[in-house]
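Notes to accompany the following structure.
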Amino acid sequence: RADGPFHKYIFNPMQDSLAAYRLEQRKMFESVRDIFKEFDQTNKGRIDAPELGGNKNVFENKFEVIHAILHSGNQSNKKRLVLGFGWGEKLEDGSVDYSRFDSFVARMFDEGTITKQDMDEVQKVWDLFDNYKKQAQETHKAMNGLYFKELPTQQVITPFGTYKGGYVPVDYDKNASVDAQVIGMKNDASTQAQGFATSGVSTGANFTKSRVDNCDSLPLTLDLSSLPMHLDKELRYIHLEENLKQASKLLRNKSLMREVDRASPYSVTEITTSWLERVASQSVYESTSMPGLDRFANTLKRNTGIAFMSFNFINAIETLTSLSQIMVAVPAKDLLVSSTQFFANSFTSKSMTADVRALSPFMDTRLKNSSDETRFQIEQFVMDAGPVRKAGDFLRHNAYIVQQVIQDPFEVVVWTAAFNDAQTKKGMAEGEAVAHADGIVRMYMNDMSPEGISKLEAGNPLVRAMLMFY
């Protein structure tokens with residue numbers, strides 16, 4: 001029931017949090033894009049670093065150097081960077097010899113490879129992580145009664161001035177070390193390892209935990225395009241963690257579970273918990289122990305979808321065939337009025353789409369899902385893609401444009417009709433009417449978000465590839 005206790009206490013609060021998360025995610029990706037596009041683009045070639053020695057003395061591009069400099073904003077990161085690549089050694093007093101790395105960075109400044117503009121943007125990256133860390137601290141304090149321990153920053157002295165430093169997450173290169181692969185698998189499985197029965201579903205906020213000192217010999221990944229992923233983890237923690245904990249606590253209540261199992265056996269363990277896990281991870285599939293097969297299955301599914309849907313006018317028009325089902329929940333008269341209003345507004349400066357987006361954060365993120373496009377732009381700044389890859393990227397990003405041209409106005413019309421019906425005939429307040437209209441769109445208009453798909457659709461990549469047309 002749309003007005004039942006599950007929707008009231010679990011589903012609707014979670015949807016509100018997800019909408020807030022996606023709105024902030026959009027802003028985050030835009031902030032990262034705006035920073036990255038300001039990096040000096042004059043030097044994109046390989047950079048030799050013979051003075052570093054160790055197991056990496058050639059950088060594939062300037063952005064790897066920038067990522068290395070980002071790790072010098074606090075002593076813990078810099079230590080792991082230098083020892084992981086063998087660019088320095090631990091001294092007898094426990095300190096680390098950074099002289100080779102510092103000498104290399106100084107040469108980058110002297111030669112103009114790293115400019116003042118680059119360092120200004122580096123500090124903006126540190127500041128962006130710091131801003132979200134402060135919000136994460138408040139979430140942690142609200143749930144646990146105390147703040148998590150932070151790494152102290154370290155000033156970075158340059159010819160352009162002194163920068164206050166900061167923090168970026170550490171990623172170990174899984175291709176260079178079996179130990180790094182193990183650490184990665186432990187981090188990916190941290191939520192499952194806790195166990196729903198003992199601590200519930202979590203976004204897996206490893207950044208709130210203190211570091212251990214047994215990973216100094218592992219090389220790091222220097223890939224700027226991975227930074228938005230880490231910021232996204234913080235956003236999930238900030239916006240979703242508290243509701244996930246509350247929902248998990250409610251679903252672990254034995255008295256409640258006995259009543260639920262009596263009415264619907266296994267609905268919590270087999271359906272609701274799986275749904276909460278997809279909300280927490282914001283992932284539609286589960287990785288297997290064979291990453292090569294996972295990549296193949298994901299590529300197969302993606303390319304098959306592109307081949308089938310690209311400029312498929314028939315499929316796009318078939319979107320309208322769901323109208324008969326929608327009329328079961330929304331009166332035909334309201335749909336007709338809403339359609340007439342939409343097309344009438346097309347000839348004026350008024351916009352029904354803008355009104356819908358202003359009322360509903362869910363529809364705002366659904367109608368303007370620009371995060372994927374912004375993420376693509378970020379990758380383009382970091383990677384020097386050739387013409388073949390650029391052509392493939394263009395096709396991937398425009399394959400569904402025909403469907404979108406038809407479906408977006410249709411969704412606006414349906415949402416408005418459902419909203420008006422809820423207010424005028426069902427007597428709902430504005431907030432309730434918004435939730436009702438969101439639910440109609442979600443139910444009848446093919447919600448493919450992690451929380452919108454069924455458990456059957458959320459298997460491993462190979463299963464998802466086999467079931468894409470079921």
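What you are looking at is a predicted structure, and each value in this text was computed from that prediction instead of being measured. Only heavy atoms go into these numbers, but all of them, side chains included; no hydrogens, no water, no symmetry mates.
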> Going from CD1 on I66 to CE on M108, what distance comes out if it is rounded to the nearest 0.5 angstrom?
Replying inline: 11.5 Å

>> Side chains of F419 and V330, heavy atoms from C-beta outward: is any pair under 4.5 Å?
In response: no

>> Within this structure, what is the CZ-CD distance for the pair F39 and E121, rounded to the nearest 0.5 Å?
In response: 6.0 Å

> For Q123, what residues pass the side chain to side chain contact (heavy atoms under 4.5 Å, CB included) criterion, not counting sequence neighbours?
Replying inline: W126, D127, Y163, K164

> So, D294 and S287: side-chain donor and acceptor under 3.5 Å apart, yes or no?
Replying inline: no

> Any side-chain heavy atom of E60 sitting closer than 4.5 Å to one from F63?
Replying inline: no

>> Would E451 and R22 count as a salt bridge (charged side-chain N to carboxylate O under 4.0 Å, His left out) here? Give the steps.
In response: CA-CA 13 Å; E451 68 276 7; R22 291 200 173 103; 2.8 Å; yes

> Within a strict 4.5 Å, meaning less than it, do heavy atoms of the L91 and V96 side chains meet?
Replying inline: no

> Roughly how far apart are S281 OG and R236 CZ, rounded to 0.5 Å?
Replying inline: 6.5 Å

>> List the residues meeting side chain to side chain contact (heavy atoms under 4.5 Å, CB included) with K254, not counting sequence neighbours, and say none if there are none.
In response: R258

> What residues, two or more places apart in sequence or in another chain, satisfy salt bridge (Lys or Arg N to Asp or Glu O under 4.0 Å) together with K78?
Replying inline: D102

> In this structure, are over 12 heavy atoms from other groups packed under 6.0 Å from M443 atom CE?
Replying inline: no

>> Closer than 4.0 angstrom, basic N to acidic O: yes or no for E150 and K133?
In response: yes

>> Ignoring hydrogens, what is the shortest heavy-atom contact between G88 and V82? Give both atom names and the distance.
In response: N-CG1, 3.4 Å

> How would you list, by chain and number, every residue that makes a side chain to side chain donor-acceptor pair (under 3.5 Å) with Y21, sequence neighbours excluded?
Replying inline: Q25, D232

>> According to side chain to side chain contact (heavy atoms under 4.5 Å, CB included), who are the partners of R262, at least two apart in sequence or on a separate chain?
In response: E259

> Taking atom OH of Y285 as the centre, does the number of heavy atoms from other residues, nucleotides or ligands within less than 6.0 Å exceed 12?
Replying inline: no

>> If you define the side chain from C-beta out and look only at heavy atoms, does anything of D408 sit under 4.5 Å from R366?
In response: no

>> My understanding is that only residues two or more places apart in sequence, or in another chain, count here; which of them pass side chain to side chain contact (heavy atoms under 4.5 Å, CB included) with T424?
In response: none

>> I'd like to know whether D421 forms a side-chain hydrogen bond (donor to acceptor under 3.5 Å, both in side chains) with H436, so could you lay out the CA-CA distance, the side-chain angles of the two residues, the decisive distance to 0.1 Å, and finally the verdict.
In response: CA-CA 10 Å; D421 173 60; H436 171 75; 4.6 Å; no

> Is the gap between the ring centers of F104 and W87 under 6.0 Å?
Replying inline: no

> With side chains defined as the heavy atoms from C-beta onward, is the minimum distance between R33 and E30 less than 4.5 Å?
Replying inline: yes

> Nearest 0.5 Å, what's the CD-OG1 distance between Q75 and T153?
Replying inline: 11.5 Å

> Is there a side-chain hydrogen bond (donor to acceptor under 3.5 Å, both in side chains) between Q135 and Y237 once you walk through the steps?
Replying inline: CA-CA 9 Å; Q135 297 179 47; Y237 179 81; over 6 Å; no

> Going by heavy atoms in the side chains, are T272 and F6 under 4.5 Å from each other?
Replying inline: yes

>> For F36 and F29, I'd like to know if the aromatic rings sit close, meaning centre-to-centre distance below 6.0 Å.
In response: no

> How many angstroms lie between CG in L23 and CG in D364, if you round to the nearest 0.5 Å?
Replying inline: 5.0 Å

> In terms of side-chain heavy atoms, does S99 have a donor or acceptor partner in D97 at a distance below 3.5 Å?
Replying inline: yes

>> So H71 and R80, do their side chains get closer than 4.5 Å, heavy atoms only?
In response: no

>> Pairing donors with acceptors under 3.5 angstrom, does anything connect the side chains of N460 and T288?
In response: no

> Between D118 and K62, does a salt bridge (charged side-chain N to carboxylate O under 4.0 Å, His left out) hold up when you go through it step by step?
Replying inline: CA-CA 10 Å; D118 293 326; K62 172 179 174 175; 2.6 Å; yes

> When rounded to the nearest 0.5 angstrom, what is the spacing between CD in E64 and CD1 in I47?
Replying inline: 9.0 Å

> Hey, are E277 and S274 close enough side-chain-wise for a donor-acceptor pair under 3.5 Å?
Replying inline: no

>> Is it the case that over 12 heavy atoms from other parts of the model lie below 6.0 angstrom from the NZ atom of K426?
In response: yes

>> Looking only at the side chains, is there a donor atom on one of S76 and N74 sitting less than 3.5 Å from an acceptor on the other?
In response: no

> Are the aromatic ring centres of F160 and F109 under 6.0 angstrom apart?
Replying inline: yes

> Does a donor on one side chain sit under 3.5 Å from an acceptor on the other, for T162 and Q155?
Replying inline: no

> Can you find a heavy atom in the side chain of Y167 that is under 4.5 Å from one in the side chain of N77?
Replying inline: yes

>> Using side chain to side chain contact (heavy atoms under 4.5 Å, CB included), reason through E411 and L367 one step at a time and then give a plain yes or no.
In response: CA-CA 9 Å; E411 290 184 358; L367 294 170; 4.1 Å; yes

> Any side-chain donor-acceptor pair under 3.5 Å between Q154 and S72?
Replying inline: no

> Hey, mind stepping through D120 and K124 against salt bridge (charged side-chain N to carboxylate O under 4.0 Å, His left out) and telling me if it holds?
Replying inline: CA-CA 6 Å; D120 290 345; K124 289 180 184 178; over 6 Å; no

